[in-house]
Amino acid sequence: CRYYAPSVLLSLWSVGAYWRFLRGGPRSVRELAAALILLFHANHGAFAPVAAALAAHFIFDGARINPGAVPPRGKPWGRALLVAAAVLAFTLPFALYLQSGQHHGELSWREIRHHAEFYFRQVNKFVLPVLPWGILLALWRPPLRTLFGERGTDLRRTCRIAAWLIGMGFLFLTLGPLQRHFRYLIFLIPWLLLIEAALLRALFHRSWALGVAALLLFVLTDLHYTGPSALAAQIPALRSRLSSPDAKPRALILELAGELT
């Protein structure tokens, strides 16, 4: 309650404030600074990748978005420096006092690989079925052209921000913390679910029956996770490498109902 739920709210607010900041909205400098400062004090593990993602987007893309909307009183880079100064003033002293780096592990290829594998499995199993969507998109490419909006539209611009957030988030989780936990993913889950919503929307537009079938498959079973393992287990050379070669499909939502009752 103290760390993770607020990190979802405040990271979403930070992105909304950043979008208004790019558009030169009134009081957007103060709003963005306040959102980022509060995010740091709620969960500085989520603050680091969110702030890095917004900074990277601004440097490489954001400063060119709708420059005509920026008020004459301030240019994009000047306003960005005001935000950075305010955020640093209210976070850096506490980061030093709290010794935020104490939870950073020894950087090794083995740990990086284990972190990356863990978070891929967690996302693929519980949040966004990466493997089935990847296979479907590889075989059915037309939706990719309009899935995230046409070039130059607000949808495409916001998707670029989301891509920076997800990329920086996974980079931080892979390289930063000593430990790995599903709860560390919480602040990224809204963005991953928005991607799945866009994918399902494209599927429903193409075929209502196919969309319903995919939705039921993902909601009622974990076949998207256990299926590839079950197939690989039939190959002797691969079976010995599987952590759970006898994995069987499960109805996680029914198990949840059983636990609740």
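Predicted, not measured: the structure shown is a model, and the values here were computed from it. Every heavy atom of this structure was used, including side-chain atoms; hydrogens, water molecules and symmetry mates were not. Quick note: residue numbers are just sequence positions, from 1.
- No continuous path of hydrophobic side-chain contacts links L81 to L36 [ILVMFWY only; heavy atoms under 4.5 Å].
- Between R250 and E255, the shortest heavy-atom distance links the atoms NH2-OE1, 2.7 Å.
- At a threshold of 4.5 Å between non-hydrogen side-chain atoms, the residues I166 and I195 count as touching.
- A heavy-atom distance below 4.5 Å is found between the side chains of L185 and Q122.
- Here the side chains of L128 and W191 are not in contact, with every heavy-atom distance at 4.5 Å or above.
- More than 12 heavy atoms of other residues, nucleotides or ligands shown are found within 6.0 angstrom of OH on Y4.
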- Query: Going through the distances and angles, do F58 and I161 end up as a side-chain contact (heavy atoms from CB on, under 4.5 Å)?
  - Reply: CA-CA 9 Å; F58 181 80; I161 297 174; over 6 Å; no
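- Residues L10 and Y3 share a single hydrophobic cluster, defined by chaining ILVMFWY side chains whose heavy atoms lie under 4.5 Å apart.
- Contact of the V87 side chain with the F40 side chain is not registered, since no non-hydrogen atoms from C-beta on lie closer than 4.5 Å.
- R79 contributes a side-chain N or O that, together with a main-chain N or O of F21, makes up a donor-acceptor pair within less than 3.5 Å.
- Atom OG of S7 sits about 9.5 Å away from atom CD1 of I189, to the nearest 0.5 Å.
- Cluster annotation: F126 and L256 are assigned to distinct hydrophobic clusters (Ile/Leu/Val/Met/Phe/Trp/Tyr, side-chain heavy-atom contacts under 4.5 Å, transitive).
- Proximity of P49 to L171: side-chain heavy atoms (C-beta onward) are nowhere separated by under 4.5 Å.
- Shown here for Y18 and L32, the closest heavy-atom pair between the two residues is N-CD1, 3.8 Å.
- Within 6.0 Å of the CZ atom in F204, the count of heavy atoms belonging to other residues, nucleotides or ligands exceeds 12.
- Both W208 and L215 are assigned to one and the same hydrophobic cluster, defined by single-linkage of ILVMFWY side chains at heavy-atom distances under 4.5 Å.
- Scanning all heavy atoms of the two residues, the minimum distance from P93 to L88 falls at CD-O, 3.5 Å.
- Placement of L216 and V219 within a single hydrophobic cluster is found when ILVMFWY residues are connected by side-chain heavy-atom separations under 4.5 Å, directly or transitively.
- Within the 4.5 Å cutoff, no side-chain heavy atoms of L175 are placed close to those of E111.
- In F94, the CZ atom is not crowded: 12 or fewer heavy atoms of neighbouring residues, nucleotides or ligands sit closer than 6.0 Å.
- In plain terms, the two heavy atoms of V50 and S11 that are nearest each other are CG2-CB, 4.0 Å.
- Taking CG of L252 as the start and CG of D222 as the end, the distance is 4.5 Å to the nearest 0.5 Å.
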- Quick one: do E117 and R180 satisfy salt bridge (charged side-chain N to carboxylate O under 4.0 Å, His left out)? Show the steps, please. CA-CA 11 Å; E117 291 174 353; R180 45 186 175 267; over 6 Å; no
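- For the pair L200/W133, a side-chain contact is recorded, criterion being any heavy-atom separation below 4.5 Å from C-beta on.
- Listed for the H224 side chain is a donor-acceptor partner under 3.5 Å among the backbone atoms of K125.
- Looking only at distances, a side-chain donor or acceptor of N124 sits under 3.5 Å from a matching main-chain atom of L131.
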- CA sep, side-chain torsions, deciding dist, call: L203, L136, side-chain contact (heavy atoms from CB on, under 4.5 Å): CA-CA 10 Å; L203 200 58; L136 181 62; 3.8 Å; yes
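- The side-chain contact (heavy atoms from CB on, under 4.5 Å) test with M168 singles out one residue from F172, W164, F170, and that residue is W164.
- For the atom pair OG (S14) and CD1 (I37), the distance works out to 10.0 Å, reported to the nearest 0.5 Å.
- Evaluation of the ring-ring contact (aromatic ring centres under 6.0 Å, His included) rule for H115 yields no partner, not counting sequence neighbours.
- Closest heavy-atom contact between P190 and V8: CG-CG1, 3.7 Å.
- Here side-chain hydrogen bond (donor to acceptor under 3.5 Å, both in side chains) pairs that include residues 40-56, with residues two or more places apart or in two chains, number zero.
- A donor-acceptor pair is defined here as one N or O able to donate and one able to accept, closer than 3.5 Å; no such pair exists between the side chain of S28 and the backbone of G24.
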- Message: Please evaluate residues F118 and H181 with respect to the criterion side-chain contact (heavy atoms from CB on, under 4.5 Å), reporting the C-alpha separation (whole Å), side-chain torsions for both, the decisive distance (0.1 Å), and the verdict.
- Response: CA-CA 9 Å; F118 172 80; H181 299 286; 5.5 Å; no
- Intermediate values then yes/no, side-chain contact (heavy atoms from CB on, under 4.5 Å), L9 and L39: CA-CA 9 Å; L9 170 65; L39 176 59; over 6 Å; no
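- R27 CZ: 12 or fewer foreign heavy atoms inside a 6.0 Å radius.
- Note on R201 versus E196: no salt bridge recorded, every NZ/NE/NH1/NH2 to OD/OE distance being 4.0 Å or above.
- The minimum heavy-atom distance between G169 and F187, with the atom names listed, is CA-CZ, 4.2 Å.
- Side chains of L223 and L217 form a contact here, defined as non-hydrogen atoms less than 4.5 Å apart.
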